[in-house]
Asker: 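Below are the structure tokens for one structure; questions will follow.
Treat the numbers as computed from the prediction; the structure is a model and nothing was measured.
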Amino acid sequence: MTKEEKDIRIDMNDEEETDEINAEDRPFIRRFGKIMLVLFISLLAGCYYIFVVELCIFTVQLLEAKVTFLVIFHLLFLLCVWSYLRTVMTPPAVPPAKFRLSECDKQRYLSERKPEVLQEILVRMAKDLPISTKDSKGAFRYCDTCQLLKPERCHHCPVCDICILKLDHHCVFLNNCVGFSNYKSFLLCVVYALLLCLFTSAVSLYGSILFWTHQLPNTQSKVPIIVLFSLSALCCVMLLLLLGIHCHWAVDNITSREGESGTWNERYDLGLSKNLRQVFGDEKKYWFLPVFSSLGDGYTFPMTDATKDIEKNAAAVAKDITESQN
């Protein structure tokens, strides 16, 4: 594609493409993500060793306390690792083939130069697809890279270089995108990681106090346990902030991308219960397990009734007017 053709088509893409990454930088970012993934797993393995060996086996004296600490720790640890691996290893969901241009339309689209004709091609294709979202200029969102019409809440990840259904964000610690296919496991990973860090920091603080008050003799385990407490306490703060943000967005049925860019459609908000079921599903027995149970297909989403919204807003305005008159 020539520079002139690229300039013509830039209006057909929504403003999200302004954060596009250069092709030369993409391999570096992917390698950096793999390095961060290895470092994170190494840190997790190190903390596991310190808690199990240095703290529970070498430091804690009471057998009942050892067993209790180890059982609770391993339960939270396994749930956290399971959720983490599910989030990392689940491929991002991409739009199905029906959102791609036919070979005939693709050739015409690539050879055409007039913006109005380009949009005409997209409009003709979109009439048979469940697409209502358009860009700021009223045009259907088309991705030149993936050569497809973007479904509702679908965005192009500049790192993975593909369009992803209900894209939330690209996480460097996962080396993967968080979207429709793995958002539930991501949330559970954050929850279980927070619980694991809270428990680890509490137990390691208990061990550290024993050392500081000289109730235990100074051994080689003292420094690792204090380091474990510092790391787990720091992670607690960061995870608590992260969980607070994502809980707020999940409750309102907002993705990170929509929340940060201000492009959220308030009609996606179905209420607290229905919003959470969109992520966790209807089967409550699967809510706390990192298995896919989210509702929908990733490209069509239920919305609140516009008529009800108008009536509700009108009633609220009338109430405000009455109260102000009184």
Asker: Should I162 and I29 be regarded as members of a common hydrophobic cluster, given that ILVMFWY residues are connected when their side-chain heavy atoms come within less than 4.5 Å of each other, either directly or indirectly?
Answerer: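 Not linked; separate clusters.
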Asker: Would you say the side chain of C235 lies within less than 4.5 Å of the side chain of S232, judging by non-hydrogen atoms?
Answerer: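 No. Closest side-chain heavy atoms not under 4.5 Å.
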Asker: Measuring from C56:SG to L70:CG, what's the distance to the nearest 0.5 Å?
Answerer: 4.0 Å
Asker: If we only count heavy atoms from C-beta on, is the Q278 to S294 side-chain gap below 4.5 Å?
Answerer: no
Asker: Verify, without hydrogens or angle tests, whether N176 (side chain) and T90 (backbone) share a donor-acceptor contact under 3.5 angstrom.
Answerer: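 Indeed, once roles are kept as given, a pair shorter than 3.5 Å links the two residues.
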Asker: May I have all residue pairs that pass salt bridge (Lys or Arg N to Asp or Glu O under 4.0 Å) and include part of residues 281-291, sequence neighbours excluded?
Answerer: R277-D282
Asker: Do Y142 and L101 come within less than 4.5 Å of each other through their side chains, counting heavy atoms only?
Answerer: yes
Asker: Counting only heavy atoms from other residues, nucleotides and ligands, does the tally under 6.0 Å from OH of Y206 exceed 12?
Answerer: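 Result for OH/Y206: open.
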Asker: About how many Å separate CD1 of I226 and CD1 of I50, when rounded to the nearest 0.5 Å?
Answerer: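 Result: 11.5 Å between the selected atoms.
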Asker: Is the side chain of K184 donor-acceptor paired with the backbone N or O of P290 at a distance under 3.5 Å, no angle test?
Answerer: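 Side chain of K184 to backbone of P290: no pair is present.
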Asker: Are I57 and L75 connected into the same hydrophobic cluster when the rule is that any two of I, L, V, M, F, W, Y join if their side-chain heavy atoms are below 4.5 Å apart?
Answerer: yes
Asker: Taking side chain as C-beta onward, heavy atoms only, is V53 less than 4.5 Å from Y48?
Answerer: no
Asker: Hey, quick one: are L198 and V227 part of the same hydrophobic cluster, counting side-chain heavy atoms closer than 4.5 Å, chains of contacts allowed?
Answerer: no
Asker: Do Y192 and F199 have ring centres separated by under 6.0 Å?
Answerer: no
Asker: Strictly distance-based, threshold 3.5 Å: is any side-chain N or O of K106 a donor or acceptor partner for the main-chain N or O of Q147?
Answerer: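 Flag not set: sc K106 to bb Q147 has no pair under 3.5 Å.
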Asker: Looking at side-chain heavy atoms only, is the closest gap between L167 and H156 below 4.5 Å?
Answerer: no
Asker: Closest heavy-atom contact between T59 and S221?
Answerer: OG1-CB, 3.7 Å
Asker: Short question: side chain of W287, backbone of G281 - any donor-acceptor pair under 3.5 Å?
Answerer: yes
Asker: What are the two closest heavy atoms between I225 and G207, and how far apart are they?
Answerer: CG2-C, 4.4 Å
Asker: Indicate the atoms forming the closest heavy-atom contact of S204 with S201, along with that distance.
Answerer: OG-O, 3.1 Å
Asker: Given side chains that start at C-beta, do those of V279 and L187 come closer than 4.5 Å, heavy atoms only?
Answerer: yes
Asker: The test is side-chain hydrogen bond (donor to acceptor under 3.5 Å, both in side chains); show your working for D297 and T300 and say whether it passes.
Answerer: CA-CA 6 Å; D297 48 27; T300 57; 2.9 Å; yes
Asker: Kindly indicate whether the side chain of E152, heavy atoms from C-beta on, has any atom under 4.5 Å from the side chain of I131.
Answerer: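 A side-chain contact exists here, since the closest heavy-atom pair is under 4.5 Å.
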Asker: I'd like to know whether L148 forms a side chain to side chain contact (heavy atoms under 4.5 Å, CB included) with C163, so could you lay out the CA-CA distance, the side-chain angles of the two residues, the decisive distance to 0.1 Å, and finally the verdict.
Answerer: CA-CA 9 Å; L148 55 78; C163 284; 4.1 Å; yes
Asker: If you compare all heavy atoms of T255 against all heavy atoms of K166, which two are closest, and at what distance to 0.1 Å?
Answerer: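 Answer, listing the atom of T255 first, then K166: CG2-CG, 3.8 Å.
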Asker: Through direct or indirect side-chain contacts below 4.5 angstrom among Ile, Leu, Val, Met, Phe, Trp and Tyr, which residues connect to I35?
Answerer: F32, M36, L39, V172, F173
Asker: Are I72 and Y49 in one and the same hydrophobic cluster, where Ile, Leu, Val, Met, Phe, Trp and Tyr link if side-chain heavy atoms are under 4.5 Å apart?
Answerer: yes
Asker: Counting only N and O atoms by type, is there a donor-acceptor contact under 3.5 Å from the side chain of N253 to the main-chain atoms of Y268?
Answerer: yes
Asker: Walk me through it: do H169 and C157 pass the test side chain to side chain contact (heavy atoms under 4.5 Å, CB included)?
Answerer: CA-CA 8 Å; H169 68 284; C157 174; over 6 Å; no
Asker: Looking only at heavy atoms, which two atoms of R108 and S111 are closest? And how far apart?
Answerer: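 So the two residues come closest at O-OG, 3.1 Å.
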Asker: Are V52 and L78 linked, directly or through intermediate hydrophobic residues, by side-chain heavy-atom contacts shorter than 4.5 Å (ILVMFWY only)?
Answerer: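 No, it is not one cluster - the side chains of L78 and V52 are not joined through contacts under 4.5 Å.
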Asker: Backbone N or O of T87 within a donor-acceptor pair of the N182 side chain at under 3.5 Å?
Answerer: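 Yes; at least one donor-acceptor contact below 3.5 Å.
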Asker: Please evaluate residues V60 and F69 with respect to the criterion side chain to side chain contact (heavy atoms under 4.5 Å, CB included), reporting the C-alpha separation (whole Å), side-chain torsions for both, the decisive distance (0.1 Å), and the verdict.
Answerer: CA-CA 9 Å; V60 177; F69 291 161; 4.1 Å; yes
Asker: In this structure, which one of E258, R257, H246 forms a side chain to side chain contact (heavy atoms under 4.5 Å, CB included) with D168?
Answerer: H246
Asker: Atom CG of L85 and atom CG of L174: how far apart are they, to the nearest 0.5 Å?
Answerer: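 Taking CG in L85 and CG in L174, the distance rounds to 10.5 Å.
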Asker: How many angstroms lie between atom CG of L240 and atom SG of C197, to the nearest 0.5 angstrom?
Answerer: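 Separation between the atoms: 11.0 Å.
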Asker: Could you go step by step and tell me if R141 and L149 meet the side chain to side chain contact (heavy atoms under 4.5 Å, CB included) rule?
Answerer: CA-CA 6 Å; R141 303 182 308 140; L149 275 169; over 6 Å; no
Asker: Mind checking the CZ-CZ spacing from R124 to F140? Nearest 0.5 Å is all I need.
Answerer: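 CZ of F140 is found 12.5 Å from CZ of R124.
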Asker: Would F301 and F180 satisfy ring-ring contact (aromatic ring centres under 6.0 Å, His included), going step by step from the backbone distance to the final call?
Answerer: CA-CA 11 Å; F301 301 93; F180 173 73; 7.1 Å; no
Asker: Would you say the ring centroid of F73 lies under 6.0 angstrom from that of F77?
Answerer: yes
Asker: Please report the shortest heavy-atom distance between K98 and M125, naming the atom on each side.
Answerer: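 Heavy atoms of K98 and M125 come nearest at O-CE, 3.4 Å.
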Asker: Hey, do the aromatic rings of F51 and H74 have their centres closer than 6.0 Å?
Answerer: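 When the ring centroids of F51 and H74 are compared, they turn out to be at least 6.0 Å apart.
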Asker: Can you tell me how far apart CH2 (W82) and CG (L188) are? Round to the nearest 0.5 Å.
Answerer: 9.5 Å
Asker: Answer yes or no: is there a donor N or O on one side and an acceptor on the other, between the side chain of D252 and the main chain of I254, under 3.5 Å?
Answerer: no
Asker: Which residues pass the ring pair (Phe, Tyr, Trp, His ring centres under 6.0 Å) test with F99, not counting sequence neighbours?
Answerer: Y299
Asker: Do V191 and L195 have side-chain heavy atoms sitting under 4.5 Å apart?
Answerer: yes
Asker: Answer yes or no: are there more than 12 heavy-atom neighbours, outside K274 itself, under 6.0 Å from its atom NZ?
Answerer: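 No - once you tally the heavy atoms of other residues, nucleotides and ligands closer than 6.0 Å, there are 12 at most.
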Asker: For E116, does the CD atom sit with more than 12 other heavy atoms under 6.0 Å from it, leaving out its own atoms?
Answerer: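 For E116, atom CD is crowded (more than 12 foreign heavy atoms under 6.0 Å).
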